[in-house]
Amino acid sequence: MSGGQDDERAGGRAGRASDPGGAPLVTRRWLLAAGGLSAASLLAGCRTGAGSGSAGSAGSVSPDVSAPGGGEPGGTVTGSRQAAAAATATAVEAPGDPGLAGDPFRLGVASGDPWPQSVVLWSRLAPDPTAADGGLGVLAERDVELAWDVAVDEGFSAVAASGRAVAAAAHGHSVHVEAGPLTPDAWYFYRFRVGGWTSPVGRTRTAPGADHDPTRLVLAACSCQHWEFGTYVAHRHLAAEQVDVVLWLGDFIYEGPAGAGTVRSHPAEEAADLASYRRRYALYRSDADLQAAQASAPWVVVWDDHEVQNNYAGPLPADGTDPVGFDARRAAAYQAWWENQPVRLPPPEGSAYAVYRDLAWGRLAHLVMLDGRSARSPQVCGGGAGDACDELADDTRTMLGVEQERWAADAFGRAAANGAIWTVLGNQTALADLSVPVGRRPTTLFDQWDGYPGARRRLLDASQRAGVANLVALTGDLHCSIAADLTVDGVTYGSELLAASVSSVFAPDLGSLFELGMSLLSHVKLANTRNRGYLRAELERDEARFQFRHVADATDAASGITTTSQWLLRSGTPGLQRG
């Protein structure tokens, strides 16, 4: 968030959402709460094929996904509402126990970046997540081989794919498996095994093929889960939503040292090198509710600033420290991010790392995941929030960087060429104009797209030139819920919905003032700084519905959740309506 930690303390492609045919298999605590559980489900995390290896490179593309560069023909799926998942493999034998001191799967499992015939499976070995070596002892410097399985059923009697993969010491003993070949538009269960240990069971799915015409896609969008400011009760409810895909829009961790008077505490140290970033991810990933949400559906993950440092801009730190030293910090932070996310990307080699990518969901939707942090120009006008200054008029400044701007225009072209009904931007900072016209110059949030108006105009113009239909930005960062139209100089390019933070708070004592400012903007339909939670989006051919799902109290791990506001977009008709 542009207000940052200090302010808080002071105050490819993605059809119809198939019937999942069962509750998500996640942590035992969540399963007990959900009810209707099998014994196999309860034991999924206890001791007791057709393709393997590490995730592909950013330059490689699936039949229906594009990372920076490349492409190949799309897959197909025809027939019934849910593709029948084929069970054609035999589970491989698990490698023997290499000498693990305890359950190595205490950080859970996750999946992500679904393609029509494969999905990325993730885990990271840590018998003791709080230990400097993850509790691996003599194995800390050794690679560990695992078996992985994907099955049609939760009991793994019908295995669709199985193989072996390596959790490399150089990569924090994380494992990224491109599991396949799988059936397009189908739900699956997955797990990892080593010795006598079996991971919790995760639930995932593949995307529909390129020429499929699905009727529904259910997304959740969320971001900003500051450990110290609340529980992850929102994730517990998200796990029960049974969405098709979760879009994570940044601030998976917060890098700062422990604060005072918080709900739960960070370590005393600030995360600033590879070892400390790894420990910070282990702390966050130890949360059972987060593990439940990550095991319930595939995630498509991008980062924002707190994965490195609050409000940094490209190669420049926000605190004015040495850029050379900050380059090493960025490289360490990017590696730790990759190690801890289910992404179809290669491990980074230094601080130049492209994580933007697009995924198609048949002809229904095209997801364009942006990175508005790692290549942006420095903030101007003193940063933070304040009166606009002349430097804002410099159109050479960029939010995405030249290469990503070109890539985004190409992604819009792919969406239009495939006839996608909805083009969805996975976006970190507010794209809508939130500058408040008070005083001689508007009050502006310089860390948001308002601080980069020329870059915003180029992005929106690129979408219009490509002829994309129904542009919708799903956004995080600001720790509040906003519904707004993307209107520039009287032209409405699309709409934007900012998902509330999972636990991070809005800047204390400023919420009412911010909401008042937003009420002065005709294109802003809602601004709510008070509630934590996430956004649920249901995309269909003729309309899209958006629900702000808010927990009653993010500091209460037993808090309930309600839909506080609903919004509607009709295909071909610009502008949000109350739903």
Side-chain angles (χ1 to χ4, degrees), residues 12-14 55-74 112-115 120 207 210 247-250 300-304 313-315 330 334 337-338 341 343-361 365-377 395-420 422-429 431 449 452 454-469 471-475 486 493-494:
R13 300 177 193 204
S57 72
S60 67
V61 272
S62 81
D64 293 299
V65 182
S66 176
E72 56 185 291
D113 287 359
W115 291 358
V120 175
L247 304 185
W248 181 264
L249 303 173
V300 181
V301 180
V302 288
W303 59 36
D304 194 21
R330 276 208 306 162
Y334 292 171
W337 178 86
W338 176 84
Q341 303 298 348
V343 291
R344 198 185 294 259
L345 296 167
E349 297 179 356
S351 61
Y353 191 44
V355 302
Y356 48 87
R357 56 208 189 276
D358 60 323
L359 302 88
W361 202 264
H366 202 97
L367 311 180
V368 180
M369 306 299 293
L370 301 177
D371 169 15
R373 185 59 61 178
S374 69
R376 64 160 64 184
S377 301
D395 283 345
T396 65
R397 298 176 62 251
T398 179
M399 175 70 92
L400 304 178
V402 174
E403 290 185 10
Q404 188 180 176
E405 285 193 19
R406 186 181 302 115
W407 170 87
D410 291 342
F412 290 143
R414 286 188 290 273
N418 198 46
W422 302 97
T423 301
V424 179
L425 292 180
N427 172 53
Q428 289 78 41
T429 55
L431 184 60
W449 282 85
Y452 302 79
R456 172 172 56 200
R457 187 59 179 263
R458 289 194 297 275
L459 180 72
L460 294 176
D461 283 348
S463 72
Q464 191 171 70
R465 286 195 304 272
V468 301
L471 181 69
V472 184
L474 302 183
T475 300
L486 297 171
Y493 292 83

Which value, rounded to the nearest 0.5 Å, describes the distance between Trp449 atom CH2 and Leu460 atom CG?
-> 8.0 Å
Taking every non-hydrogen atom, the tightest pair across Val300 and Arg357 | CG1-NH2, 4.0 Å
How would you list, by chain and number, every residue that makes a side chain to side chain donor-acceptor pair (under 3.5 Å) with Trp422, sequence neighbours excluded?
-> none
Check for a donor-acceptor pair, side chain of Ser377 on one end and backbone N or O of Thr398 on the other, with a separation under 3.5 Å.
-> yes
Looking at Ala416 and Ala466, what are the two nearest heavy atoms and their distance?
-> CB-O, 3.2 Å
Under the side chain to side chain contact (heavy atoms under 4.5 Å, CB included) rule, what do Met369 and Val355 come out as? Steps first, then yes or no, please.
-> CA-CA 8 Å; Met369 306 299 293; Val355 302; over 6 Å; no
Ala420 versus Ala469, closest heavy-atom pair with distance | O-CB, 3.8 Å
Using atom types as modelled and distance alone, determine if a side-chain donor or acceptor of Tyr493 lies under 3.5 Å from a backbone N or O of Arg457.
-> no
Quick note, salt bridge (charged side-chain N to carboxylate O under 4.0 Å, His left out) partners involving residues 400-411, not counting sequence neighbours, are Glu405-Arg458
Hey, is the main chain of Gly372 close enough, under 3.5 Å, to the side chain of Gln428 for a donor-acceptor pair?
-> yes
Validation row: Asp358, Phe412 side chains within 4.5 angstrom (heavy atoms) = no
All heavy atoms of Ser374 vs all of Tyr334, minimum pair found to be CB-OH, 3.2 Å
Give, for atom CG of Leu474 and atom CG of Leu431, the distance between the pair rounded to the nearest 0.5 Å.
-> 11.5 Å
Applying side chain to side chain contact (heavy atoms under 4.5 Å, CB included), name anything that partners Ala313, two or more places apart in sequence or on another chain.
-> Arg376
Heavy-atom check, side chain of Trp115 versus side chain of Arg344, under 4.5 Å | yes
Which distance, rounded to the nearest 0.5 Å, do you find between the CG of Leu459 and the CG of Leu471?
-> 7.5 Å
What closest approach, in Å, do Val468 and Thr423 show between heavy atoms, and which atom pair accounts for it?
-> CB-OG1, 3.6 Å
Going from CG on Leu370 to CH2 on Trp407, what distance comes out if it is rounded to the nearest 0.5 angstrom?
-> 6.0 Å
Could you tell me which residues satisfy ring-ring contact (aromatic ring centres under 6.0 Å, His included) with Trp337, sequence neighbours excluded, listed by chain and number?
-> Trp303
Any donor-acceptor N/O pair, Gln404 side chain to Asp371 backbone, under 3.5 Å = yes
Listed by chain and number, what are the side chain to side chain contact (heavy atoms under 4.5 Å, CB included) partners of Arg465, not counting sequence neighbours?
-> Asp461, Ala462
Side-chain (Trp338) to main-chain (Pro348) donor-acceptor, under 3.5 angstrom = no
So, the side chain of Asn427 versus the backbone of Ala473: is there a donor-acceptor pair under 3.5 Å, distance only?
-> no
Residues at least two apart in sequence or cross-chain that pass side chain to side chain donor-acceptor pair (under 3.5 Å) with Arg397, listed by chain then number, are none
